[in-house]
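Side chains are part of it too, since the values below use all heavy atoms of this structure and drop only hydrogens, waters and symmetry mates.
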Amino acid sequence: MVRSISILGSTGSIGRQTVAVAEHLGLQVRAITTNRSVTLAEEQARILSTSVPPAESPKTHRIFGSPTEDRLFLLSSTELDAYLPTDAERECKPTAYALANGAQAKEANGNCWWWLRNPGYYTSDTAGVNYNGLIHASGDNITSPSDAVRPAMWIKAD
């Protein structure tokens with residue numbers, strides 16, 4: 001039996017954290033309320049929870065990790081090929097927030113590297129996408145402060 005809860009005030013800092021913790025614990029969020037941020041509550045309701053399988057390393061064909069249930073996730077190289085098939089579509093400009101937190105943009109084109117869900121060559125690496133939109137299968141160290149995160153999500157369309 002799935003336990004469910006209602007969250008009163010889901011758009012504030014504590015409310016957003018409560019939504020995340022409830023999902024992590026496997027609780028079904030039945031209802032959310034808000035005071036003024038109706039748009040955010042509507043957006044929260046549209047973001048679907050999805051089963052995210054572990055991804056295979058494009059370099060070594062190893063699979064690390066376990067499936068998870070998440071609302072935000074990183075794309076795998078297989079998903080990247082399906083949803084962003086060209087190098088130009090994969091190029092990514094870092095936000096001001098990402099730059100302030102260590103992401104680096106290439107001077108020539110302003111693009112940044114970003115991580116994929118796939119493991120890299122070494123267990124401390126993760127595959128990524130380089131400045132020119134090419135998949136870097138060997139990966140970069142997961143502690144690299146210069147790579148960016150480009151989260152993905154499934155959204156319910158009416």
Side-chain angles (χ1 to χ4, degrees), residues 2-5 7 10 13 15-29 32 40 43-158:
V2 176
R3 293 182 297 165
S4 63
I5 63 169
I7 300 173
S10 67
S13 174
R16 290 192 308 268
Q17 291 174 43
T18 303
V19 170
V21 169
E23 289 176 351
H24 177 74
L25 295 174
L27 301 172
Q28 183 177 29
V29 178
I32 54 177
L40 181 56
E43 290 171 359
Q44 285 176 329
R46 287 180 176 268
I47 300 173
L48 301 175
S49 185
T50 187
S51 179
V52 181
E56 180 180 285
S57 168
K59 189 80 170 177
T60 65
H61 305 289
R62 293 180 295 193
I63 297 176
F64 295 101
S66 302
T68 61
E69 193 72 23
D70 292 302
R71 287 185 180 262
L72 292 174
F73 54 93
L74 300 180
L75 293 174
S76 69
S77 58
T78 303
E79 293 163 335
L80 190 67
D81 287 337
Y83 305 124
L84 300 171
T86 69
D87 296 343
E89 290 174 304
R90 297 172 181 170
E91 291 180 358
C92 180
K93 305 271 189 244
T95 63
Y97 180 82
L99 291 169
N101 284 281
Q104 294 179 0
K106 187 171 184 172
E107 201 171 305
N109 62 10
N111 294 336
C112 63
W113 280 64
W114 53 283
W115 287 327
L116 294 173
R117 191 167 74 243
N118 305 77
Y121 187 75
Y122 298 105
T123 56
S124 61
D125 295 342
T126 185
V129 177
N130 75 10
Y131 301 115
N132 297 315
L134 301 171
I135 294 176
H136 187 254
S138 293
D140 200 4
N141 192 285
I142 58 173
T143 62
S144 173
S146 61
D147 294 356
V149 174
R150 194 174 186 184
M153 70 180 90
W154 288 109
I155 299 175
K156 178 173 45 176
D158 292 330

When rounded to the nearest 0.5 angstrom, what distance separates [atom1] in [X] from [atom2] in [Y]?
X: Asp125; Y: Trp115; atom1: CG; atom2: CH2; answer: 11.0 Å
X: Ser77; Y: Asn118; atom1: OG; atom2: CG; answer: 3.5 Å
X: Leu116; Y: Thr78; atom1: CG; atom2: OG1; answer: 10.0 Å
X: Asp147; Y: Thr126; atom1: CG; atom2: OG1; answer: 9.0 Å
X: Glu107; Y: Tyr131; atom1: CD; atom2: OH; answer: 11.0 Å

Any side-chain heavy atom of [X] sitting closer than 4.5 Å to one from [Y]?
X: Asp81; Y: Arg90; answer: yes
X: Asp87; Y: Asn132; answer: no
X: Thr123; Y: Tyr121; answer: no
X: Pro53; Y: Arg117; answer: yes

Without placing hydrogens or testing angles, list every side-chain donor-acceptor pair under 3.5 Å for residues 136-144, not counting sequence neighbours.
from, atom 1, to, atom 2, distance (Å)
His136, ND1, Gly139, N, 3.2
His136, ND1, Gly139, O, 3.2
Asn141, OD1, Thr143, N, 2.8
Asn141, OD1, Thr143, OG1, 2.5
Ser144, OG, Ser146, N, 3.4
Ser144, OG, Ser146, OG, 3.0

So which heavy atom on [X] is nearest to which on [Y], and how close?
X: Glu91; Y: Gly133; result: CG-N, 4.0 Å
X: Cys112; Y: Lys93; result: SG-C, 4.4 Å
X: Ala103; Y: Pro94; result: CB-CB, 4.5 Å
X: Arg62; Y: Pro119; result: O-CG, 3.7 Å

Inset, instruction - Check the surroundings of atom CZ in Phe73: do more than 12 heavy atoms from other residues, nucleotides or ligands lie under 6.0 Å from it? - result: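 Counting neighbours around CZ of Phe73, more than 12 heavy atoms of other residues, nucleotides or ligands fall under 6.0 Å, so yes.
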